[in-house]
S.K.: 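Below are the structure tokens for one structure; questions will follow.
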There are 2 protein chains.
Amino acid sequence: MIEELGGDAAKRRPATILDVAKTANVAVGTVSRYLNGYTIRRGNREQIEAAIEALNYKRNAVAAAMKSELSHLVGLLVPTFDEFHGVLLEHLSRAIRRDGRALLIYCHGADPKIMREALDYFATQRIDALIMAGAEEVYDRVDELIGSGLPVVFYNNDLKGLPADRVFVENRKASQRAVRHLLDLGHRRIAILSGDQHDSSGLERYLGYVDALGERGIPVDPQYVVQGGWTMLGGADGVKRLLELEEPPTAIFSANYPMTVGALRCLKEQGRKVPGEISLVSFDDVPLFGLHEPGITAVAQPVEGIAEAMANVIAARLARPDPRASRAIILDCDIILRGSARPLA
Amino acid sequence: MIEELGGDAAKRRPATILDVAKTANVAVGTVSRYLNGYTIRRGNREQIEAAIEALNYKRNAVAAAMKSELSHLVGLLVPTFDEFHGVLLEHLSRAIRRDGRALLIYCHGADPKIMREALDYFATQRIDALIMAGAEEVYDRVDELIGSGLPVVFYNNDLKGLPADRVFVENRKASQRAVRHLLDLGHRRIAILSGDQHDSSGLERYLGYVDALGERGIPVDPQYVVQGGWTMLGGADGVKRLLELEEPPTAIFSANYPMTVGALRCLKEQGRKVPGEISLVSFDDVPLFGLHEPGITAVAQPVEGIAEAMANVIAARLARPDPRASRAIILDCDIILRGSARPLA
DNA sequence: TTGTATGCGTTATCAC
DNA sequence: GTGATAACGCATACAA
């Protein structure tokens, strides 16, 4: 379908601060002061406001950024837009907006080349701050960025040793509680569908699993520790291997949402009843888990709290640049008991 | 020049194109030409590359944007980050990146004030293009933006009459097929959980429902048309009302994903079996629908195709500044048959 | 092809 | 407070 565009689109040069100053009979400096919230003589203010209205003036943030060195852009570098990131984005964009900034997003899909590309792009765009899940592959680049004065906030995966702020959840304790719950139900052969243990969250969730077993004096059986690589396919594959064992586990702790979906799919395909034949607890909670039959017992991350913390940390650092103190905010998780974990028969 | 206080952090002023030119013994113009991909004498190119490396030069996109009037930013204004938008973002950010641009996102949560704020912010940031679900509340502002030369792409909800590009799916036909499927199974009392019919997608999905009934000579019974307002709560509430009818429907067509979740929750709470007592078909598909017991029969939008189309439309329009034609791309949907709809007993 | 000079719109720095 | 003016870093005519 081809339509004619209105030809009367008056594409005039947009008004500048100079035009406003001229129309309002004041100096550009005065207009700039007005725009930036400084006190202005009342008469002038009214004239400026009238001029802005009349000229339909919109301040050019690009030019402002060039002078002030502040772009009011916060870069967000994520590996993927799974359910967790969707919800995070919802809250984060809201929280960031409160301070007059917006989110510039880049999704790298675990590709190191794209990670570097993203970091370069962000540097190029002169973002005010960067939020990212740490990735070893770009340790040096991030270090460099921080060295150049860019505030960075890590989440999900830490890059130890870098002078940055951090927002994490109690991955280890929450996982421990989740596995302890399975132990309380009488399970002893408990498997973990682990995320990448090079990621701090992957490691900590695994360590929580180890902790819980250790509390009850149960040794960690390597055959029950399978790597799911955070992905749905990895989760399905991992469960498949578990079911092929001579002594399959009676319960599984899955370390994130996509792997849980994969696990459920595999279990369904293999005709294994949850929780009849095998119990399941998931890290990460989504609305549909409550509707699944049975409901999926899950660790719920405080996503809104994470977003708020990120925004606050950034706002604080931008307001008072203090390279020495780096903040680490660690939030608690809830465990939501549903029907996917039941006492061992 | 003025030195930053605190001499320990090597927070030197970043290198500029001028520094590069000086180090490479060429003129700034030459460096600029190199940066923008024009041909350069080989010796110079090598010198420039060496200088960039040595100085760790990162081009300042802000300054470049000011001159070229191109920010390489694409604004994305969404109502909310539901599952659909998560997947969309995944593909869109990738597609947009191919052209060297990134996504500047803003989430308005159906608040007209925030919509206006977002539009102002985008204008201020001098974005190159805008992707948004149309909203009547800001018709005039969007019109103004388009008038000023900003390319706009609508999705999900159209704002008729505006000279913009459009990427939509065959909402009406896909809905018709979905309802036809229920009719084929013998259902006659079919309800629709409708989205906001002021949204073009809401209206078209409703019209598809009407079409399907009309084909079979079945009149539309108003009591079977309930407004769910696109939300989970609205969906739950709508189903509740349906179940209280003297003659409840034997099948429900839900017009989007959140409403389907709400519907499932309500049906579960009320102890109604799906599909034993009531059949269900959903617009929008998510991985978990396949794992639900029963699997949810759903209309799958080609989200990747939507993202690709958006990126292409923008790239095309930005490449050829004043094509007097607006493009409307309409994509087909698949219907995925699972177990939530079964023949009427 | 290369070098020079000018301007983009804003903020910052002065005197006043 | 206000007004005039110098940057900010880059792109681009224009002359060479």
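The analysis underlying the following values was restricted to heavy atoms, covering all of them including side chains, and did not include hydrogens, waters or symmetry mates. Just so we're on the same page: letters track the sequence lines, and every chain starts at 1.
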S.K.: Nearest to the A:I40 side chain among D:dT2, D:dC8, D:dC10, which nucleotide is it?
M.R.: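 Of D:dT2, D:dC8, D:dC10, D:dT2 is nearest to the side chain of A:I40.
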
S.K.: In whole Å, what is the span from the CD1 atom of A:I17 to the P atom of D:dT2?
M.R.: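 Rounded to whole Å, this separation is 14 Å.
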
S.K.: Please state how far atom OH in A:Y57 lies from atom C1' in C:dG9, giving the value in whole angstrom units.
M.R.: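 Value for this atom pair: 7 Å.
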
S.K.: Does A:R94 use its side chain to pair, donor to acceptor, with the backbone of B:H108 at less than 3.5 Å?
M.R.: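 The answer is no, because no donor-acceptor pair under 3.5 Å joins these two groups.
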
S.K.: If you only use heavy atoms from C-beta on, which nucleotide in D:dA11, C:dG9, C:dG3 is closest to the side chain of B:A27?
M.R.: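 Closest of the options to the side chain of B:A27: C:dG3.
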
S.K.: Would you kindly give the CZ-to-C1' distance between A:R41 and D:dG3, to the nearest whole Å?
M.R.: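 Answer to the nearest Å: 11 Å.
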
S.K.: Please tell me if A:N36 has a side-chain N or O lying less than 4.0 Å from either OP1 or OP2 of C:dT11.
M.R.: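 It does, given that an N or O in the side chain of A:N36 lies less than 4.0 Å from OP1 or OP2 of C:dT11.
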
S.K.: Just how far, in rounded Å, is P of C:dT10 from CZ of B:R126?
M.R.: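 Taking CZ of B:R126 and P of C:dT10, I get 7 Å after rounding.
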
S.K.: Remember a base hit wins even if backbone is also touched, and classify B:S68 as base, sugar-phosphate or nothing at under 4.0 Å, heavy atoms.
M.R.: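 Contact class for B:S68: none.
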
S.K.: Counting only side-chain nitrogens and oxygens, does B:S32 get under 4.0 Å of the OP1 or OP2 atom of D:dA11?
M.R.: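 Answer yes for this pair, as a side-chain N or O of B:S32 is under 4.0 Å from OP1 or OP2.
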
S.K.: Between A:Q125 and A:Y121, do the side chains contain an N or O donor and an N or O acceptor separated by less than 3.5 Å?
M.R.: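 On atom types as modelled, these side chains qualify, holding a pair under 3.5 Å.
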
S.K.: Just N and O in the side chain of A:Y38: are any of them under 4.0 Å from OP1 or OP2 of C:dA12?
M.R.: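 It does not, given that no N or O in the side chain of A:Y38 lies less than 4.0 Å from OP1 or OP2 of C:dA12.
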
S.K.: To the nearest Å, how far apart are A:K67 NZ and C:dT10 P?
M.R.: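 Spelled out: NZ on A:K67 to P on C:dT10 is 13 Å.
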
S.K.: Measuring to OP1 and OP2 of C:dT1, would you say a side-chain N or O of B:N44 lies under 4.0 angstrom away?
M.R.: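 So the side-chain polar atoms of B:N44 never come under 4.0 Å of the phosphate oxygens OP1 or OP2 of C:dT1.
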
S.K.: Just call it for A:V26: base, sugar-phosphate, or nothing, with non-hydrogen atoms closer than 4.0 Å on any strand.
M.R.: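 It contacts sugar-phosphate atoms only.
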
S.K.: With nearest nucleotide decided by heavy atoms, which residue, B:N25 or A:A63, maps closer to the 5′ end of DNA chain C?
M.R.: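 It is B:N25 whose nearest nucleotide is closer to the 5' end.
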
S.K.: Kindly point out which of C:dT1, D:dC10, C:dG9 is positioned nearest to the side chain of B:T39?
M.R.: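 That would be C:dT1.
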
S.K.: Please check if any side-chain donor atom of A:S71 sits under 3.5 Å from a side-chain acceptor atom of A:D128, or the reverse.
M.R.: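 The answer is yes; a qualifying pair exists.
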
S.K.: If we ignore angles and hydrogens, is there a donor and acceptor under 3.5 Å between the side chains of B:R59 and B:N36?
M.R.: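 Yes, a side-chain donor-acceptor pair sits under 3.5 Å.
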
S.K.: Whole-Å distance between D:dC10 P and B:I52 CD1?
M.R.: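 That distance rounds to 10 Å.
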
S.K.: Identify which nucleotide among D:dG1, C:dC8, C:dT11 has an atom closest to any side-chain atom of B:M66, counting heavy atoms from C-beta outward.
M.R.: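 From the listed options, C:dC8 comes nearest.
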
S.K.: Please state how far atom CG in A:L18 lies from atom P in C:dG9, giving the value in whole angstrom units.
M.R.: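 It works out to 9 Å between those atoms.
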
S.K.: What nucleic acid atoms does B:R59 come within less than 4.0 Å of, heavy atoms only: base, sugar-phosphate, or nothing?
M.R.: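 Sugar-phosphate, no base atom in range.
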
S.K.: I want to confirm an ordering. Mapping A:A61 and B:T30 to their closest nucleotides on DNA chain C, which one lands closer to the 5' end?
M.R.: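 Closest to the 5' end, via its nearest nucleotide, is B:T30.
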
S.K.: Could you tell me whether the side chains of B:N60 and B:K58 share a donor-acceptor contact shorter than 3.5 Å?
M.R.: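 Note: B:N60 and B:K58 side chains miss the donor-acceptor criterion.
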
S.K.: State whether B:E137 and B:R116 are salt-bridged, where the test is any N-O pair (Lys NZ or Arg NE/NH1/NH2 against Asp/Glu carboxylate O) under 4.0 Å.
M.R.: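 Judged by the 4.0 Å cut-off on N to carboxylate O distance, B:E137 and B:R116 do not form a salt bridge.
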
S.K.: Are B:R33 and C:dT1 close enough that a side-chain N or O sits under 4.0 Å from OP1 or OP2?
M.R.: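 Checking B:R33 against C:dT1: no side-chain N or O falls below 4.0 Å of OP1 or OP2.
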
S.K.: Under 4.0 Å between any heavy atoms, over every strand shown, what does A:Y34 touch: base, sugar-phosphate, or nothing? Just pick one.
M.R.: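 Since no nucleic acid heavy atom lies under 4.0 Å of A:Y34, the category is nothing.
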
S.K.: What is the distance, rounded to the nearest whole Å, between atom CD of A:Q125 and atom P of D:dG9?
M.R.: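 Whole-Å distance recorded here is 16 Å.
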
